[in-house]
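Every chain is numbered from 1, with letters handed out A, B, ... down the list of sequences. Excluded from the calculations below are hydrogen atoms, water molecules and symmetry mates; all remaining heavy atoms, backbone and side chain alike, are included.
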Amino acid sequence: MARYNPKETEPRWRKAWDEADSFKAVASGDKPKYFVLEMFPYPSGRIHIGHVRNYAMGDVIARYKKAQGFNVLHPMGWDAFGMPAENAAMQSGGHPRDWTYGNIEIMREQLKQMGLAIDWSREFATCDPEYYVHEQRMFLEFWKKGFIERKESMVNWDPVDQTVLANEQVIDGKGWRSGAPVERRRLSQWFFRITDRADDLLAALEDGRLAGWPDNVKTMQKNWIGKSKGLKMRFHADAGAPRGFEAIEIYTTRPDTLFGASFVGVSPDHPLAAEFAKDDPKLQAFINECQAAGTSEEAIEKADKRGYRLAMTVKHPFVEGKTLPVYVANFILMQYGTGAIFACPAHDQRDLDFARKYDLDVIPVVCPPDADPASFDVTDEAYVGPGTIFNSGFLNGLPVDEALPKAIAKIEEMGDGQGTTNYRLRDWGISRQRYWGCPIPVIHCEKCGVVPVPEQDLPVKLPDEADFSKPGNPLDRNPVFVNTTCPECGADARRETDTFDTFVDSSWYFARFAAPTPDAPTDPEEANYWLPVDQYIGGIEHAILHLLYARYYTRNMMECGHVNVAEPFENLFTQGMVVHETYLDADETKKLKDRWLFPEQVEKKDGKVISIETGEEVIVGSIEKMSKSKKNVVSPEEIAETYGADAARWFMLSDSPPERDVEWSEAGVEGAWRLINRIWDLCEPNAGIFNRAGADIPAGTDPELRRLTHVTVDGVTDDIEHFRFNKAIARLYEFINGLKKAAPNASEAAVSEGLSALTRLIAPFIPHLAEECWAHLGGEGLACDAPWPKAEKALLVSETITMPVQVNGKRRTEITVPADADKEAVEKLAIEDEAVQRHLDGMQIVKLIVVPGRIINIVVKP
RNA sequence: GCGGACGUGGUGGAAUUGGUAUACACAACAGACUUAAAAUCUGUCGCUCUUCGAGCAUGCGGGUUCAAGUCCCGCCGUCCGCACCA
């Protein structure tokens, strides 16, 4: 028997698909459309097995839907702008563009070798000027429509490298490259006004428009948007207020606890803090320390609660004569609300921690339902639940939800504030002080201000020079790029040197895939044919940012007439990540970013992990998603080289449920390879069987084999529909085992039916082998064009069923009953069973439960 | 710190959503074939015991139910996100 040789068959079938243009998508015909999209990759160098998992899943859906008779669009491209290209340029001196396009060449070849059913004619990279010109166009359109504004925000600044740092580049408050303590700097930047659409983005999560999205993603986005009802109010100064700060405006969601207030706090970034710091070096030092934590919310909130008391007090709004101290506190975010709070330590854990540390009052004002106000007290744990207000003047006796509006009304009546809706969501800052991104198409003129680049001058192309040997952004020191004239007055002017956040690039690529055209972002007619994406697939790590930005950006595009959908992704599937241990060189004198080791650079020996190069023990770090920066990546190449693309695809989809993270292990890959051969061995002796066996199979022929065939078709179909690829594969194993056992003694017709179903069922998973088998068995045309098999309902049912029998909830035996047996008959059979009788001896039957088709439980007592 | 998830044999996992816990696969072990190896095939495989039967097992501790991996309460551990990684 000839052994299956993927090295020979796989390239041959890929060529056949290419020549037949099998996966070319055309926006016409009477078939229903189906747009399948996996989140496009960043061209980091080579694909890793996380990519294989992601794209194999999308490919199963694309091929399955094609077989189901849909007109399928399944494109591929590159999220090609971003920092890794600049980092590579700094390290090796090359150009980000060469590095990026070089990587794309390699990764395209690797992806093609996976045998993906992709329409490669639509491929593009976001760094192609033909793509980003439209992004610049849309920016100007959005600006005109008021979707964009310029304002100040904070960035991490590395004083040595003279550059802005991403949060991930700030490690323990220091720059990852320079090691210098990071400063917070205020910069004028461009923002998309996503908060203007917060309400609709939230509403769509709740009103069924995103019914095809998983609940956990919707919940995460909902919490991220963080709509809250609360009160904006002013605390009036009592003493010590600097000029212009006679009142402090705070935001609170708990105005019902105002009587429990013990201090007012402001963020270290608050203007009041800056004002006091002018002549208080100690305060300035404190603010600097707080700012050294960087800009990330995580760092700010995780830090120990610390504060600095200002020489200022404010009046309590309700209690005559009562004053409150004012603190600068490190846990208050300038970005949220007004950057200032009032604190009620008894009913907020952060406030309580702070109050205990600085010995401030803790006044309980909400009494839990089952507690007594006279004795209720708060020690280490703030009470945040519902209850009745006490210690609170005019609010006394009210439940929390009634006290809230009453407190707001009172403050409004006093003219000191207003009830408001607030969002946690912030406007989307899109300016990046980096070279390798899409240039923001504006010009700064001393006279005319900020002026858009005229349409006919687009695209603003990135200049070729990119010298990363000096600190800072190469665009800033490129006179040819920077120096220009004002399009309005003709005077000398400066070109904007910031580039777009790469999330802008990925916020509309799906629309470009659907309808590329040279003169506009989309051809609206074609875009409207394909959109929305019917099935979007990507990592759970994108649950919030990318998916929210894309939803927002699509709304902008809709208002400009580029698309006619607000929600770009009809159905979403978030797959788990492939995670792997990280390895860190123990040499702490090296910079952190240079210490990571690839898995193939280490080996395990006597329970230790050592570096192959140095022989030294390495630090085994946490298990994390595969990423190039931490080098914990595993390439699929070796597997594909040894066993073929089909085996690699099959292996990545078997075993683990798609939505769950998997810790990478190669154990089991040989099982995938054995399966490929087992299927081939099953088909090999049956050359041309489809031509010999008739289409009609007489009733009663090989009922068990036929039932297995149809049950498998039914089950695998259902599994694919629900993204249960691991279960589909387990079912296919059972089918293959059963087919193999039955084939020698079964009729050619039943065997042919089984093999025909098998070939088509495996085609989405292992398409090359499916083609080889299909051709060998006498199939017409290509397997990728063959229709999906249909299960005959009549063949699914079995005549008898097996039911377990429990006595007092413990399984004692099982009985086989006719499928149509009624309840009494089942009860009788169960009680009469010998094994059951042993447990009924000397007992009295109290209750008898029969769940039809499931289980029998006999409850007894002595 | 906040938000979202996950936790079942030596390993990856299954369990029709409250109804036979461990399907399917990997690894291991034993056997067949072979001069030998590979490949292939057959069988065993959660733990404990008095093993033909029974008891105990789904991260830990409680609870609801005739029945709990599944539901509820409280812990522990791991992963993802936290706005300039993509």
Report yes or no: is the cationic atom of A:K151 (NZ for Lys, CZ for Arg) closer than 6.0 Å to the six-membered ring centre of A:F191, at no more than 45° off its axis?
-> yes
Electrostatic pair A:E814:A:R811 at N-O distance under 4.0 angstrom | yes
Looking only at B:A86, B:G19, B:C24, the nucleotide nearest the A:H542 side chain is B:A86
Spell out yes or no: do the side chain of A:E168 and the base of B:C84 have one donor N/O and one acceptor N/O closer than 3.5 Å?
-> no
Taking the six-membered ring of A:W224, is the NZ or CZ of A:R424 close enough (under 6.0 Å from the centre) and on axis enough (within 45°)?
-> yes
Hey, does the side-chain of A:E298 have a donor or acceptor N/O within less than 3.5 Å of a partner on the base of B:C82?
-> yes
From B:A86, B:C82, B:G4, pick the nucleotide closest to the side chain of A:M83?
-> B:A86
Under 4.0 angstrom, heavy atoms only, what part of the nucleic acid is A:N737 near: base, sugar-phosphate, or nothing?
-> sugar-phosphate
Side-chain atoms of A:Y733 come closest, of B:G81, B:A25, B:A86, to B:A25
Is there a donor and acceptor pair closer than 3.5 Å between the side chain of A:R731 and the base of B:C24?
-> no
For the side chain of A:M220, starting at C-beta, report the closest nucleotide among B:C56, B:G4, B:C84.
-> B:G4
May I ask you to say whether A:D269 pairs ionically with A:R186, meaning some side-chain N is under 4.0 Å from a carboxylate O?
-> no
Touch check for A:R812, heavy atoms < 4.0 angstrom, all strands: base, sugar-phosphate only, or nothing?
-> sugar-phosphate
In whole angstroms, the gap separating P of B:C41 from NZ of A:K741 amounts to 11 Å
Base, sugar-phosphate, or nothing for A:E734, non-hydrogen atoms under 4.0 angstrom?
-> sugar-phosphate
For A:F503, answer base if it contacts any base atom (sugar-phosphate contacts may also be present), sugar-phosphate if it contacts only those atoms, and nothing otherwise; contact means non-hydrogen atoms under 4.0 Å.
-> base
Is A:W428 touching bases, backbone alone, or none of the nucleic acid, heavy atoms closer than 4.0 Å?
-> nothing
Any N or O donor-acceptor pair linking the side chain of A:D655 to the base of B:G12 at under 3.5 Å?
-> yes
Say whether, by atom type as modelled, one donor and one acceptor occur between the side chain of A:D833 and the main chain of A:A835 under 3.5 angstrom.
-> yes
Nearest-angstrom distance, P atom, B:A67 to B:A83 | 49 Å
Could you tell me the separation between the CZ atom of A:R678 and the C1' atom of B:A25, rounded to a whole number of Å?
-> 9 Å
What interatomic distance, in whole Å, is found between C1' of B:A86 and the corresponding atom of B:U16?
-> 39 Å
Would you say the side chain of A:R854 and the base of B:U20 hold a donor-acceptor pair, judged only by whether the two atoms sit under 3.5 Å apart?
-> no
Per-residue pairing states of RNA chain B in dot-bracket (Watson-Crick or G-U under 3.5 Å; . unpaired, | other strand) read (((((((..(((......[....))).(((((.......))))).((((...))))..(((((..]....))))))))))))....
Rounding to the closest angstrom, what is the interatomic distance between B:A23 and B:G13 at atom C1'?
-> 10 Å
What's the CD1-P distance between A:I856 and B:G18, to the nearest Å?
-> 21 Å
Nearest to side-chain heavy atoms of A:R660, which nucleotide of B:A14, B:A25, B:C66 = B:A14
From A:N216 atom CG to A:I540 atom CD1, the distance as rounded to the nearest 0.5 Å = 4.5 Å
Between B:U64 and B:G9, how far apart are the C1' atoms? Round to whole Å, please.
-> 29 Å
Are A:T195 and A:D427 linked by a side-chain donor-acceptor pair shorter than 3.5 Å?
-> yes
Give one of base, sugar-phosphate or nothing for A:Q189, where a contact means two heavy atoms less than 4.0 Å apart.
-> base
Integer angstrom distance from the P of B:C6 to that of B:C73 = 15 Å
Looking only at side-chain atoms of A:T502, point me to the closest of B:A83, B:C56, B:A86.
-> B:A86
Round to a whole Å and report the spacing from CD1 of A:I762 to P of B:C24.
-> 20 Å
Hey, is B:G62 sitting syn or anti, using the within-90° cutoff around 0?
-> anti
Inspect the contact between A:R432 and A:D498 and indicate whether a charged nitrogen and a carboxylate oxygen are less than 4.0 angstrom apart.
-> no
Reckon A:E670 touches a base, only the sugar-phosphate, or nothing at all at heavy-atom distances under 4.0 Å?
-> nothing
Nearest to the side chain of A:I855, which nucleotide is it out of B:C80, B:C85, B:G19?
-> B:G19
Please give, in whole Å, the distance from B:G19 P to A:Q806 CD?
-> 11 Å
Could you work out which one of B:A21, B:A25, B:A86 sits closest to the side chain of A:P84?
-> B:A86
B:C66 and B:G77: how far apart are their P atoms, nearest whole angstrom?
-> 36 Å
Ion pair A:K357/A:D304, N-O distance below 4.0 Å = no
Student check: side-chain heavy atoms of A:S656 and A:R53 closer than 4.5 Å | yes
Identify which nucleotide among B:C84, B:C66, B:G3 has an atom closest to any side-chain atom of A:Q433, counting heavy atoms from C-beta outward.
-> B:C84
Sugar-phosphate, base or nothing in reach of A:S506, heavy atoms under 4.0 Å | nothing
